[in-house]
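Written below as structure tokens is the structure these notes are about.
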Amino acid sequence: MTLPNDPSNRSPKGDHNRRLALGMDPDDFALKAGVTPEALHEYEATSPDHDFDITVANLVGAALERLEANPPASQKVSNR
């Protein structure tokens with residue numbers, strides 16, 4: 001289950017920062033999330049006062065949680 005539960009409450013800039021902390025290239029992350037690199041870029045570049053694609057937000061959130069639970073070797077931030 002992704003947090004927040006309602007994907008419309010996600011923070012695209014926050015998710016962007018979480019991806020960066022994993023040390024993942026946008027193309028690699030998009031593949032793991034099941035979205036196109038273009039859709040990921042559009043989502044992560046969304047301003048706080050603009051709408052974003054809820055489906056992309058849900059897929060990105062789920063991928064972030066999966067990858068943070070089992071971090072790739074590229075992760076730059078230690079959660080220990």
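No experiment lies behind these values; they were computed from the predicted model shown.
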> For residues 46-56, which residue pairs qualify under side-chain hydrogen bond (donor to acceptor under 3.5 Å, both in side chains), counting only residues two or more places apart or in two chains?
Replying inline: none
>> Test: ring pair (Phe, Tyr, Trp, His ring centres under 6.0 Å). Region: residues 7-27. Which pairs qualify, not counting sequence neighbours?
In response: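 Qualifying pairs, neighbours excluded: none.
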Table please: side-chain donor-acceptor pairs of residues 26-43 below 3.5 Å, with sequence neighbours left out.
residue : atom : partner : partner atom : Å
Thr36   : OG1  : Ala39   : N            : 2.9
Tyr43   : OH   : Asp15   : OD2          : 2.5

> Is any side-chain heavy atom of Arg18 closer than 4.5 Å to a side-chain heavy atom of Glu65?
Replying inline: yes
> Is the backbone N or O of Asn58 less than 3.5 Å from a side-chain atom of Arg10, with the two atoms forming a donor-acceptor pair by type?
Replying inline: no
>> Using 0.5 Å steps for rounding, measure from the CG atom of Asn17 to the CG atom of Leu22.
In response: 11.0 Å
> Ser8: what forms a side-chain hydrogen bond (donor to acceptor under 3.5 Å, both in side chains) with it, not counting sequence neighbours?
Replying inline: Asp6
